[in-house]
Each structure stands twice: as C-alpha cells, then as structure tokens.
Amino acid sequence: MTAPVPHRTTSAYFLQAVASFALAAVSLALGIANLPVSAWVRAFLAIGLLYVITSAFTLAKVIRDRQEEGAITSRVDQARLEKLLAEHDPFKVDGV
C-alpha cells in the first residue's frame with residue numbers, strides 16, 4: 001500500500017561514524033592509561049569514560065525511538081485520511 005521508508009544514511013557514513021567513535025574511545029582510553037597519576041585517578045577517569053559512552057548510547061536510542069514514534073503516528077494518520085477520502089463520495093445523496 002505504501003512504499004517502504006528509504007534509509008537516510010549510506011553505509012560509508014555509518015562506517016565513518018563507527019570508526020570515528022572507536023578512534024575517539026580508544027584514544028581517550030590510551031590517554032587515561034598513560035597519565036602520570038595514581039591508579040585511583042586513572043580508575044576514576046576510566047569509569048567516567050564508560051559512563052559517558054553508555055549515556056551517549058542511551059541518549060541516541062531515546063532520540064531515535066522518539067523520531068520513529070512520530071513517524072509511525074504520522075503514517076497512521078495519513079492512512080486514516082486516505083481511507084476517509086477513498087470512502088467519500090461527493091455525489092452521493094442521502095435519503096434517496
């Protein structure tokens with residue numbers, strides 16, 4: 001009935017985003033590991049890094065879910081409107 005929603009990103013863009021994330025996370029982890037500070041400070045910074053990464057994934061998922069919910073609601077409303085328009089006959093006379 002309706003055409004599938006096309007993907008908005010290419011596989012190259014996806015690969016670039018994954019590579020960029022991996023490079024940033026690994027670089028920061030190596031930077032934390034090589035800091036000239038005590039193990040407690042390194043551990044604190046490493047936990048902070050993990051917390052930032054997990055919260056970034058959670059935020060991205062929440063934003064994606066909210067966008068998908070809006071798109072589904074929009075498609076349902078559009079389908080209802082199309083059904084009403086298809087069933088409407090402007091030349092139909094009631095009671096005759």
Side-chain angles (χ1 to χ4, degrees):
M1 185 173 214
T2 59
V5 179
H7 293 285
R8 296 178 188 205
T9 59
T10 63
S11 57
Y13 179 76
F14 177 77
L15 181 65
Q16 180 184 1
V18 170
S20 174
F21 172 78
L23 180 66
V26 169
S27 298
L28 188 54
L30 288 173
I32 291 171
N34 291 323
L35 277 176
V37 293
S38 69
W40 284 104
V41 174
R42 274 195 220 107
F44 175 77
L45 292 174
I47 298 248
L49 171 63
L50 292 177
Y51 181 67
V52 167
I53 288 173
T54 57
S55 62
F57 277 112
T58 303
L59 178 62
K61 183 185 178 322
V62 168
I63 291 171
R64 184 200 64 206
D65 290 347
R66 192 175 272 189
Q67 286 177 338
E68 285 179 354
E69 180 181 309
I72 290 171
T73 303
S74 175
R75 282 190 270 170
V76 168
D77 289 342
Q78 182 65 30
R80 286 182 185 154
L81 178 62
E82 288 175 4
K83 181 182 176 190
L84 284 173
L85 290 175
E87 293 174 351
H88 177 68
D89 184 6
F91 299 110
K92 180 180 177 185
V93 178
D94 291 330
V96 176

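Numbers here simply count residues along the sequence, with the first being 1. Values in this document were obtained by computation on a predicted structure and should not be read as measured data.
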* **Arg64, CZ: over 12 other non-hydrogen atoms inside 6.0 angstrom** => yes
* Taking everything shown except Phe21 itself, do over 12 heavy atoms lie less than 6.0 Å from its CZ? -> yes
* Asked: Got a sec, which residues hit side chain to side chain donor-acceptor pair (under 3.5 Å) with Asn34, two or more places apart in sequence or on another chain?
  -> none
* Within 6.0 angstrom of Leu30 CG, more than 12 heavy atoms from elsewhere -> yes
* Single-linkage hydrophobic cluster, 4.5 Å side-chain cutoff, Val52 and Phe44 together -> no
* Asked: Can you tell me if CD on Glu68 sees more than 12 non-hydrogen neighbours from other groups inside 6.0 Å?
  -> yes
* Structure fact -> Value for OG1 (Thr54) from CG (Leu59), rounded to nearest 0.5 Å, stands at 11.5 Å
* **Residue pair Leu45, Leu35: steps toward the side-chain contact (heavy atoms from CB on, under 4.5 Å) verdict** => CA-CA 10 Å; Leu45 292 174; Leu35 277 176; 3.4 Å; yes
* **Set of side chain to side chain donor-acceptor pair (under 3.5 Å) partners for Lys61, sequence neighbours left out** => Asp65
* Minimum heavy-atom separation for Ala25 to Ile53, with atom names? -> CB-CD1, 4.1 Å
* Are Leu50 and Phe57 connected, step by step, through hydrophobic side chains (Ile, Leu, Val, Met, Phe, Trp, Tyr) whose heavy atoms are closer than 4.5 Å? -> no
